[in-house]
Visitor: 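Sharing a structure, written as structure tokens. Questions coming.
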Amino acid sequence: MDLGIEGKIALITGGDSGIGWHTAQRLLAEGAVVVISDRDEQKLAEAAQRLDAPEGRLHAFPADITSQEDLRRLHEQVRESAGSIDILVQSAGITGAQGYFHEIDDAGWTDTLGVDLLGPVRLIREFLPDLREGGWGRLVLLASEDAVQPYDDELPYCAAKAGILALAKGLSRTYAREGLLVNAVSPAFIRTPMTDAMMRRRSEQLGVSFDEAIESFLDEQRPHMELKRRGTPEEVAPVIAFLCSNLASFVNGSNYRVDSGSVATL
């Protein structure tokens with residue numbers, strides 16, 4: 001299927017692994033020029049090598065989305081190496097502070113919101129002029145099932161992701177008439193380094209194997225995931241790629257859930 005994005009320039013944060021990396025792979029296959037970014041320079045270089053893209057079609061620059069200085073430098077590097085971006089996929093994020101509400105202090109809230117909500121705000125502010133200037137743009141923000149179905153042991157993350165949905169909807173109302181379409185994607189329990197770390201902690205806490213930790217988590221914490229397994233990044237990336245494409249020309253302000261039914265409401 002031709003997504004109509006050949007030659008478009010896409011920036012993907014959180015691009016060294018998981019959903020971001022597989023999205024980069026998808027967009028490269030559709031002929032886009034892709035820039036991946038993440039905090040760890042070595043992991044980013046390894047991720048770029050695994051993508052094995054044609055010369056000139058892939059660039060990789062480290063940046064921390066919580067640092068406006070890093071983002072300004074990233075913007076300069078992207079413009080010099082690839083040009084003005086047409087597509088922005090914000091996939092960078094952390095689980096953040098976990099525990100019940102009374103167990104999380106101000107630092108836990110500040111750190112989590114700083115990465116998962118203010119980070120995307122800073123990123124969008126930096127690259128918005130690029131997305132507005134061509135009369136055609138796509139912005140896709142990674143939210144989560146937690147945004148509409150919060151869990152009691154990770155409320156900072158839930159609040160941040162609810163903010164992402166509000167941000168996406170608000171931006172979609174402001175810029176659509178300029179040709180910039182803004183949407184969100186909300187995965188649930190996808191096989192990524194972030195959920196791997198969660199399951200390793202659960203395995204240690206319960207004294208069970210990694211696979212048993214996943215099985216009990218699905219039974220006890222995510223009973224509405226009807227497929228009874230973790231999702232894969234390969235199952236999320238095509239949805240993001242669609243929203244980045246010409247085929248999504250009438251999709252704006254939407255939230256696409258990729259969650260195996262996890263959200264127990266319409």
Visitor: Quick check: does any side chain N or O of Lys161 sit under 3.5 Å from a backbone N or O of Leu142, one acting as donor and the other as acceptor?
Guide: yes
Visitor: Taking a hydrophobic cluster as the set of Ile, Leu, Val, Met, Phe, Trp and Tyr residues connected by side-chain heavy atoms closer than 4.5 Å, whether directly or through intermediates, do Leu3 and Val185 fall within one such cluster?
Guide: yes
Visitor: Please identify each residue that fulfils side-chain contact (heavy atoms from CB on, under 4.5 Å) with Thr110, with sequence neighbours left out.
Guide: none
Visitor: Which heavy atom in Asp130 sits nearest to a heavy atom in Arg79, and how many Å separate them?
Guide: OD1-NH2, 2.9 Å
Visitor: Is Ile5 reachable from Val251 through a run of I, L, V, M, F, W or Y residues, each pair having side-chain heavy atoms under 4.5 Å apart?
Guide: yes
Visitor: As a test of understanding, state which of Asp64, Leu44, Ile65 forms a side chain to side chain contact (heavy atoms under 4.5 Å, CB included) with Asp38.
Guide: Leu44
Visitor: Determine whether more than 12 heavy atoms belonging to other residues, nucleotides or ligands lie under 6.0 Å from atom CG of Asp105.
Guide: yes
Visitor: Taking atom CD1 of Ile12 and atom SG of Cys244, what is their separation to the nearest 0.5 Å?
Guide: 7.0 Å
Visitor: Could you pull out all donor-acceptor pairs under 3.5 Å where a side-chain atom in residues 116-125 meets a protein atom, sequence neighbours excluded?
Guide:
| unit_1 | atom_1 | unit_2 | atom_2 | d |
| --- | --- | --- | --- | --- |
| Asp116 | OD1 | Ile94 | N | 2.9 |
| Arg125 | NH1 | Gln68 | OE1 | 3.4 |

Visitor: Taking the basic N atoms (NZ, or NE/NH1/NH2) and the acidic carboxylate oxygens, is any pair closer than 4.0 Å for Arg57 and Asp52?
Guide: no
Visitor: Any chain of hydrophobic side-chain contacts (each under 4.5 Å) joining Leu218 to Phe210?
Guide: yes
Visitor: If you count every heavy atom of other residues, nucleotides or ligands that lies below 6.0 Å from Glu103 atom CD, does the total exceed 12?
Guide: yes
Visitor: Would you compute the distance between atom CD of Glu46 and atom CD of Gln49 and round it to the nearest 0.5 angstrom?
Guide: 8.0 Å
Visitor: Show me the side-chain donor-acceptor pairs of residues 257-266 shorter than 3.5 Å, one per line, residues at least two apart or across chains.
Guide:
| unit_1 | atom_1 | unit_2 | atom_2 | d |
| --- | --- | --- | --- | --- |
| Arg257 | NH2 | Thr265 | O | 3.2 |
| Asp259 | OD1 | Gly261 | N | 2.9 |
| Asp259 | OD2 | Val263 | N | 3.2 |
| Ser260 | OG | Glu226 | N | 3.3 |
| Ser260 | OG | Leu227 | N | 3.0 |
| Ser262 | OG | Glu145 | OE1 | 2.5 |

Visitor: Has Lys169 got a side-chain atom pairing as donor or acceptor with Gly253's backbone, closer than 3.5 angstrom?
Guide: yes
Visitor: So how far is it from Ile85 CD1 to Arg138 CZ, rounded to the nearest 0.5 Å?
Guide: 13.0 Å
Visitor: Scan the side chains in residues 21-28 for donor-acceptor partners under 3.5 Å anywhere in the protein, sequence neighbours excluded, and list what turns up.
Guide:
| unit_1 | atom_1 | unit_2 | atom_2 | d |
| --- | --- | --- | --- | --- |
| Trp21 | NE1 | Ala47 | O | 3.0 |
| His22 | ND1 | Gly18 | O | 3.0 |
| His22 | NE2 | Glu234 | OE2 | 3.3 |
| Thr23 | OG1 | Ile19 | O | 2.8 |

Visitor: Let me check something: do Ile87 and Leu11 share a hydrophobic cluster, defined by ILVMFWY side-chain heavy atoms less than 4.5 Å apart, either directly or through other members?
Guide: no
Visitor: Just grab all the ring-ring contact (aromatic ring centres under 6.0 Å, His included) pairs involving residues 126-160, residues at least two apart or on different chains.
Guide: His75-Phe127
Visitor: Find the distance between CG (Leu128) and CG (Leu180) and round it off to the nearest 0.5 Å.
Guide: 6.5 Å
Visitor: Does the plane of the ring in Trp109 sit parallel, tilted or perpendicular to the ring in Phe101? Use 30° and 60° as the thresholds.
Guide: perpendicular
Visitor: What are the two closest heavy atoms between Ile164 and Ala143, and how far apart are they?
Guide: CG2-CB, 4.0 Å
Visitor: Could you list all the side-chain hydrogen bond (donor to acceptor under 3.5 Å, both in side chains) pairs where at least one residue sits in residues 208-218, not counting sequence neighbours?
Guide: Arg202-Ser216, Ser209-Glu212
Visitor: Walk me through it: do Ile214 and Arg230 pass the test side chain to side chain contact (heavy atoms under 4.5 Å, CB included)?
Guide: CA-CA 8 Å; Ile214 292 173; Arg230 281 200 295 177; 3.8 Å; yes
Visitor: Does CD in Glu41 sit with more than 12 non-hydrogen atoms of other residues, nucleotides or ligands closer than 6.0 Å?
Guide: no
Visitor: Looking only at the side chains, is there a donor atom on one of Ser84 and Glu133 sitting less than 3.5 Å from an acceptor on the other?
Guide: yes
Visitor: Does Thr174 reach the main-chain N or O of Gly170 with its side chain, forming a donor-acceptor pair under 3.5 Å?
Guide: yes
Visitor: For Ala92 and Thr13, work out which heavy atoms get closest and say how close.
Guide: N-OG1, 3.4 Å
Visitor: I need the Gln98 CD to Leu155 CG distance, nearest 0.5 Å.
Guide: 11.0 Å
Visitor: Nearest 0.5 Å please: distance from the OG1 atom of Thr112 over to the CD atom of Glu154.
Guide: 10.0 Å
Visitor: One pair to check against salt bridge (Lys or Arg N to Asp or Glu O under 4.0 Å): Glu235 and Arg229. What are the steps and the verdict?
Guide: CA-CA 12 Å; Glu235 292 172 307; Arg229 62 172 175 83; 2.7 Å; yes
Visitor: Quick check on the hydrophobic clustering: are Leu243 and Val89 connected, directly or via other members, by side-chain heavy-atom contacts under 4.5 Å?
Guide: yes
Visitor: Please examine the side chains of Ile190 and Pro233, heavy atoms only from C-beta on, and report whether any two atoms are closer than 4.5 Å.
Guide: yes
Visitor: Report, as yes or no, whether the 6.0 Å neighbourhood of atom CD on Gln42 holds more than 12 heavy atoms from other residues, nucleotides or ligands.
Guide: no
Visitor: Taking the side chain as every heavy atom from C-beta outward, state whether Leu139 and Leu171 have any pair of such atoms under 4.5 Å apart.
Guide: yes
Visitor: Quick one: does any side-chain atom of Asn183 pair with a main-chain N or O of Val140 as donor and acceptor, under 3.5 Å?
Guide: no
Visitor: Please lay out, stage by stage, how Met198 and Thr192 fare under the test side chain to side chain contact (heavy atoms under 4.5 Å, CB included).
Guide: CA-CA 10 Å; Met198 289 171 57; Thr192 66; over 6 Å; no
Visitor: Determine, stepwise, if the pair Asp70 / Arg39 fulfils salt bridge (Lys or Arg N to Asp or Glu O under 4.0 Å).
Guide: CA-CA 10 Å; Asp70 267 23; Arg39 290 186 297 184; over 6 Å; no
Visitor: Show the nearest heavy-atom pair for residues Ala147 and Leu165, with the distance to one decimal.
Guide: CB-CD1, 3.5 Å
Visitor: Leu58 and Ala53: which non-hydrogen atoms are nearest, and at how many Å?
Guide: CB-CB, 3.6 Å
Visitor: Heavy-atom count around Arg173 CZ within 6.0 Å, excluding the residue itself: above 12?
Guide: no
Visitor: Show the nearest heavy-atom pair for residues Cys158 and Pro150, with the distance to one decimal.
Guide: SG-CA, 3.6 Å
